[in-house]
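Below is one structure; the comments refer to it alone.
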Amino acid sequence: PGVTFKTIYTPEHGLRGQAEAGKSVASEKTGAVPTISLYGKQKRPTKDEFKGVQLFVVDLPDVGSRYYTYMATMKECMAACAESGVPVLVLDRPNPLGGTVLEGPVAKVFESAVCSAPIPARHGMTLGEIAAFFQQTVFEKSKLKLEIQNVENWRRELTHPACTLPWTPPSPNLPTFETALAYAGTCLFEGINLNEGRGTETPFLLFGAPWMDNKAVSAAIDPALAAGFTPTTRVYIPKPIPGKAENPEYKGSVCKGIRLEVTDSDAARPFSLAVGLLAELVKRHRGQLQWKPNFDVLAGGPWLREQLVAGRSAAEIIAATAAELAAFDAARPKLYSTTAQMQQGYLKAD
């Protein structure tokens, strides 16, 4: 009572999460409350739109991976609020991938919607913690007023299957938790000439190309990297799917692929597995493999590609990120604790 909604702002995929990735979303300025898209020409609220606004509320799902653009949209909104003096309230949600596992190098280049912060690819933070991170690193000299409404009863080690919550797809190509888990690693395949599963019913869990020796690549996967997954070989044809993938890579072509089945989500390290698969592709298909400019954007800089091209093993690459991940883990905001910490009295249960 007494609260008036002035405007609803929407990120990539639109208000209902049904727009295909990369598609500009139109604003809807009819009805009692206008809906303004921030995925297109307009990236942030304008000062005119903020006239009379007393509070900006962020209520967005996130999927636990740096590539997902919702944190970039939140960052733009926080910048607009800092400039206009509008307080921000983040209604936090659990990180479906949990909050203890970090994977991938910390981004060194982060000026893109798919890489908007110097954080790991699998970042282990809730959107509220990311907002706190932005306040500390981007808006530390501003007068931004930030409040975060914490999630009740969530603990850092809990992944989505442990939370007994329904999975509501945040976008068309993440229809299940398992696709979101794999996305933390196999989204990198968008940066090479591989089909990443778009154009199928199992995006990011299925990937391949006409030129890939899927049997040899699958057989060469280090079991330690594939922990939590069972890979099998498949032959498939990516097809246009309205609203999901109108023009997938290798549309209509026979792809020799690998299908991942999630067998233990807690043990799964999708980014590490993706690096292992990339290393095998470099080893076996150096002549066919092509790097798109977007790979370095997704990877947070050229380092990962350079290591792979130089012939470094996945184990060497992963080991090289350990120190910076430990430093990031020690410095990042943590609004929640683990069960063990709560039991030891570091954080009261209430």
Side-chain angles (χ1 to χ4, degrees), residues 9-19 21 25 38-39 43 56-78 88-104 106-107 110 112-138 146-152 154-163 165-187 203-204 265 268 270-271 298 300 328 332-336:
Y9 292 96
T10 61
E12 184 180 11
H13 309 296
L15 180 62
R16 297 164 187 84
Q18 295 176 343
V25 181
L38 299 180
Y39 195 78
K43 305 296 183 185
F56 188 90
V57 179
V58 178
D59 184 12
L60 287 172
D62 192 53
V63 300
S65 295
R66 188 182 62 213
Y67 331 108
Y68 212 61
T69 62
Y70 289 3
M71 74 170 73
T73 297
M74 180 178 68
K75 180 182 177 183
E76 291 284 353
C77 291
M78 290 175 71
V88 177
L89 169 63
V90 177
L91 304 182
D92 211 6
R93 304 189 188 197
N95 182 329
L97 305 189
T100 59
V101 177
L102 306 178
E103 290 191 87
V106 174
F110 41 89
S112 164
V114 295
C115 186
S116 60
I119 61 177
R122 181 177 177 178
H123 51 68
M125 294 187 287
T126 66
L127 206 62
E129 290 173 328
I130 293 172
F133 177 82
F134 283 144
Q135 187 180 42
Q136 293 174 9
T137 58
V138 179
L146 174 66
E147 181 180 351
I148 300 164
Q149 178 65 54
N150 281 19
V151 176
E152 294 181 352
W154 186 70
R155 301 181 299 281
R156 300 207 72 83
E157 76 273 16
L158 298 182
T159 58
H160 180 78
C163 293
L165 296 171
W167 180 261
T168 301
S171 51
N173 282 292
L174 295 178
T176 64
F177 162 73
E178 289 76 15
T179 54
L181 177 64
Y183 173 83
T186 57
C187 181
F204 303 109
S265 60
F271 190 91
L298 291 167
F328 177 82
R332 65 179 170 138
K334 292 180 181 176
L335 304 179
Y336 307 91

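We find the CE-OH distance between Met125 and Tyr336 to be 12.5 Å, quoted to the nearest 0.5 Å. Atoms NE2 and CG, from His123 and Leu97 in turn, are 7.5 Å apart once rounded to the nearest 0.5 Å. Between the OH atom of Tyr70 and the OG atom of Ser171 there is a distance of 5.5 Å, given to the nearest 0.5 Å. Here Ser65 contributes atom OG and Phe271 contributes atom CZ; the two are 10.0 Å apart, rounded to the nearest 0.5 Å. For the atom pair CZ (Phe133) and NZ (Lys334), the distance works out to 13.5 Å, reported to the nearest 0.5 Å. The distance from the NE2 atom of His13 to the OH atom of Tyr39 is 7.0 Å, given to the nearest 0.5 Å.
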CA sep, side-chain torsions, deciding dist, call: Leu60, Arg93, side chain to side chain contact (heavy atoms under 4.5 Å, CB included):
CA-CA 8 Å; Leu60 287 172; Arg93 304 189 188 197; 5.8 Å; no
How far apart are the C-alpha atoms of Ile119 and Val106, what are their side-chain angles, what is the distance that settles it, and do they pass the side chain to side chain contact (heavy atoms under 4.5 Å, CB included) test?
CA-CA 5 Å; Ile119 61 177; Val106 174; 5.6 Å; no
What verdict does the side chain to side chain contact (heavy atoms under 4.5 Å, CB included) test give for Leu127 and Val58, after you've listed the backbone C-alpha separation in whole Å, the side-chain angles of each residue and the deciding distance to 0.1 Å?
CA-CA 9 Å; Leu127 206 62; Val58 178; 4.2 Å; yes
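Scanning all heavy atoms of the two residues, the minimum distance from Ala180 to Trp167 falls at CB-CH2, 3.6 Å. The two residues Leu158 and Trp154 come nearest to each other via the heavy atoms O-NE1, 3.2 Å. Scanning all heavy atoms of the two residues, the minimum distance from Gly104 to Pro120 falls at O-CB, 3.7 Å. When all heavy atoms of Pro270 and Ala182 are compared, the closest pair comes out as CB-O, 3.9 Å. Summarising the geometry of Leu146 relative to Ala131, their closest heavy-atom pair is CD2-O, 3.7 Å, with the distance given to 0.1 Å. Contact record, Asp62 with Ile130: OD2-CD1, 4.2 Å, taken as the closest heavy-atom pair.
A donor-acceptor contact shorter than 3.5 Å links the side chain of Thr176 to the backbone of Thr179. Although no hydrogens or angles enter the test, the distance criterion places no donor-acceptor pair under 3.5 Å between the side chain of Arg155 and the main chain of Gly99. A donor-acceptor pair under 3.5 Å is formed between the side chain of Arg66 and the backbone N or O of Leu298. Under the 3.5 Å distance criterion, the side-chain polar atoms of Lys43 are left unmatched by any main-chain donor or acceptor of Glu76. At distances below 3.5 Å, at least one donor-acceptor pair connects side-chain atoms of Asp92 with backbone N or O atoms of Gly128.
In this structure Leu165 satisfies the side-chain contact (heavy atoms from CB on, under 4.5 Å) test together with Pro94, His160, Cys163, sequence neighbours excluded. Taking Tyr183 as the reference, Tyr67, Phe204 meet the ring pair (Phe, Tyr, Trp, His ring centres under 6.0 Å) condition, with sequence neighbours excluded.
Residues Pro11 and Leu38 have side chains not in contact (no heavy-atom distance under 4.5 Å, counting atoms from C-beta outward). With contacts defined as side-chain heavy-atom distances shorter than 4.5 Å, the pair Thr159/Ser265 qualifies. Side-chain atoms of Phe56 and Leu89, non-hydrogen and from C-beta on, never get closer than 4.5 Å to each other.
There is no side-chain donor-acceptor pair under 3.5 Å between Thr126 and Asn95. Side chains of Glu12 and Thr69: a donor-acceptor N/O pair is present below 3.5 angstrom, by distance only. Between Tyr9 and Thr73, the side chains place no donor N or O within less than 3.5 Å of an acceptor N or O (distance only, hydrogens not considered).
For Gln149, the CD atom counts as loosely surrounded, since its 6.0 Å shell holds 12 or fewer non-hydrogen atoms of other residues, nucleotides or ligands.
Residues in residues 121-131 take part in these salt bridge (Lys or Arg N to Asp or Glu O under 4.0 Å) pairs, two or more places apart or across chains: Glu103-Arg122, Glu129-Arg156.
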